[in-house]
Amino acid sequence: MSPTDSVLQVRGLSKSFGANTVLRGIDLDVPRGKVVALIGPSGSGKTTILRSLNGLELPDAGSVTVGASGGTSTGVEPQRPSLTLDFDAKVSPKEVAALRDRSAMVFQHYNLFPHMTVLQNVIEGPVRVQKRPRAEVVAEADALLKRVGLFEKRDSYPFELSGGQQQRVGIVRALALKPQLLLFDEPTSALDPELVDDVLAVIKELADEGWTMVIVTHELAFARQTADEVVFMDGGVVVERGPASQVLRKPQEERTQQFIRRLLHEI
Amino acid sequence: MDFDLFWSSLGPLLLGAVKGTIPLALASFALGLLIALLVAVMRISTSKLANGVGRVYVSLIRGTPLLVQLFVIFYGLPAVGVKIDPWPSAIIAFSLNVGGYAAEVIRAAILSVPQGQWEAGHMIGMSRNQTLLRIILPQAARVSVPPLSNTFISLVKDTSLASLILVTEMFRVAQQVAAFSQEFMLLYLEAAMIYWVICLALSTAQTRVEKRLDRYVAH
Ligand SMILES: Nc1ncnc2c1ncn2[C@@H]1O[C@H](COP(=O)(O)OP(=O)(O)O)[C@@H](O)[C@H]1O
Ligand SMILES: [Mg+2]
């Protein structure tokens, strides 16, 4: 892999909340068009990593580099220069905004804007923040909504949608920002079981299309099918990483084995 | 009961409401909301100074009688060389007062919006102020309509205090007619009735606004 093909490079990311050290030097590499699944027990720091990548959390140390490439290998090619934030030094709000601009996040609890229609939710960022022409953005939003089967719902409010539909809107909202990197934080864990598959199917499609993604998930079958690399973390460190099939089928570390066994038995 | 006097004084009283009570209440409420918004934002800011100033302001307003605030501005300030006419004095006092009460309402409403809404706003690239204006305040508005309506209704009634600093609003007109005719009971009950009708109308308006803001909430 040439360095220009790396979309995300995380080095030594550390974060404490008071006396509680949550991340202890995390390294992470995501090449262009690849999918990394982050797995690990609750409280291991997965959400904190994603939030740090989106500038919602300020790490204490380490660095994050987002390369100039990204988006899909076929479709959008955002023109954003490569960016490195070094958290050992003080980062400015401007740098945080630049980092945020490069990734888009899908939240566990969707976090749609309840006072806006589906369409308004999707175009708010591109129109208000990115200042792109409204007509163009609406056309793109409509196309994305069609793709996930929600075009007829474009004028509905979030409360009128099922959880699965809301999360698909959450995904469309993220895509509409044309990020280089998509971040998913347990996108299906708040959903009723019968609604999970529709959402996972959409994410799988995005992966096949070549989107670069980091996905926190407890859906091991989905991770095996979709992820190129699986990273298992526990207690704020990466315990084991490797190709999805290897980490999920033949984990080397004791803790990984225990975690996967426990997850499988729950189902 | 002297019905002739009732009917002949209704005109002047209503005029007092239309030219005094209502504009005084509207102007003070509008200004008061602006002050309240500013103070609420200070109170949720991370700046210790802004927070402290906001807190002291709210405490002062809520911890002293409105009538005293009114008198300090109209009768007190001239002693230090600041002379303000009755109308502006009343508007200043009432809007500062509304600002103190409404600030706490707005602050609580802002805090009631889930943290995830701030994060989603930031995620799509919005600054703190943009998120506040576009995402948080519209949702806070829904929560604050009932308490702010109460604040407004109280204000409409409180404007009668302005009669004590010589503002010609409805109650001062009632006092004047009563002094002239010596029909105190009649005039004061008549004024009370008009306040009541205004407040009933406001309650109806409140229900409508709530309904409108409810369109995006599950029932
Ligand atoms: N804003 C915060 N303030 C204090 N502690 C936090 C905060 N966010 C997360 N934590 C703590 O960090 C740890 C890791 O949380 P998180 O990253 O959410 O883990 P995961 O997503 O893997 O379940 C937990 O112990 C959690 O309590
Ligand atoms: Mg989490």
Side-chain angles (χ1 to χ4, degrees), chain A residues 47 50-51 53-58 93-94 96-118 120-132 137 155-161 166 169-170 172-179 182-183 185 190, chain B residues 33 37 40-41 44-50 105-149 206-219:
Chain A
T47 295
L50 290 196
R51 290 167 53 83
L53 297 179
N54 198 232
L56 293 172
E57 208 73 77
L58 205 59
K94 231 178 160 164
V96 173
L99 177 65
R100 199 168 272 157
D101 186 39
R102 285 161 169 75
S103 66
M105 178 127 133
V106 174
F107 297 94
Q108 182 173 359
H109 297 284
Y110 337 130
N111 296 4
L112 297 183
F113 307 125
H115 59 300
M116 297 183 184
T117 64
V118 164
Q120 287 168 338
N121 263 277
V122 174
I123 68 174
E124 180 73 7
V127 172
R128 292 276 161 186
V129 183
Q130 298 178 343
K131 309 278 186 213
R132 291 169 44 208
V137 172
D155 297 317
S156 303
Y157 285 94
F159 81 89
E160 298 170 288
L161 308 183
Q166 290 193 45
V169 175
V172 168
R173 175 174 70 178
L175 291 174
L177 295 167
K178 299 197 172 183
L182 284 171
L183 308 170
D185 190 7
Chain B
L33 279 188
L37 196 56
V41 169
I44 60 162
S45 88
T46 47
S47 151
K48 279 221 170 69
L49 179 69
V105 170
I106 294 175
R107 172 171 163 265
I110 289 174
L111 292 179
S112 77
V113 177
Q115 191 61 27
Q117 291 292 306
W118 285 97
E119 294 178 356
H122 293 323
M123 188 280 284
I124 65 170
M126 287 182 164
S127 66
R128 193 177 151 81
N129 286 344
Q130 258 179 322
T131 308
L132 183 69
L133 280 177
R134 298 277 312 166
I135 309 297
I136 305 299
L137 285 181
Q139 296 179 58
R142 169 65 192 90
V143 196
S144 29
V145 167
L148 287 181
S149 304
Q206 170 187 351
T207 312
R208 284 192 161 182
V209 173
E210 281 174 29
K211 278 230 175 73
R212 194 181 140 59
L213 289 171
D214 260 350
R215 70 195 186 285
Y216 60 81
V217 184
H219 297 284

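Computed from a predicted model, the values in this text were never measured in an experiment. Below, read A as the first sequence line, B as the second, and so on, with proteins coming before strands; counting in each chain starts at 1.
- Summarising the geometry, atom CD belonging to Gln115(B) is positioned 13.5 Å from atom NE2 belonging to His109(A); distances are rounded to the nearest 0.5 Å.
- Contacts between Ala104(A) and chain B at a heavy-atom distance below 4.5 Å involve backbone atoms as well as side-chain atoms.
- Heavy atoms of Arg128(A) lying under 4.5 Å from chain B belong to its backbone as well as its side chain.
- In this structure, Gly125(B) and Val129(A) approach most closely via the heavy-atom pair O-CG1, 3.4 Å.
- Of the possible donor and acceptor atoms, one in the side chain of His115(A) sits under 3.5 Å from a partner among the backbone N and O of Arg134(B).
- To the nearest 0.5 Å, the span separating CD on Glu119(B) from CG on Asn54(A) amounts to 9.5 Å.
- The two residues Pro114(A) and Gln139(B) come nearest to each other via the heavy atoms CG-OE1, 3.2 Å.
- Using a 4.5 Å cut-off between heavy atoms, Leu183(A) makes no contact with chain B at all.
- Between chain A and the residues Met126(B), Arg142(B), Gln130(B), the most heavy-atom pairs under 4.5 angstrom are made by Met126(B).
- Interface remark: Phe113(A) contributes backbone and side-chain atoms alike to the contact with chain B (heavy atom separation under 4.5 Å).
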- Report the C-alpha separation of Ile124(B) and Gln130(A) in whole Å, then their side-chain angles, then the decisive distance to 0.1 Å, and conclude whether the side chain to side chain contact (heavy atoms under 4.5 Å, CB included) test is met. CA-CA 9 Å; Ile124(B) 65 170; Gln130(A) 298 178 343; over 6 Å; no
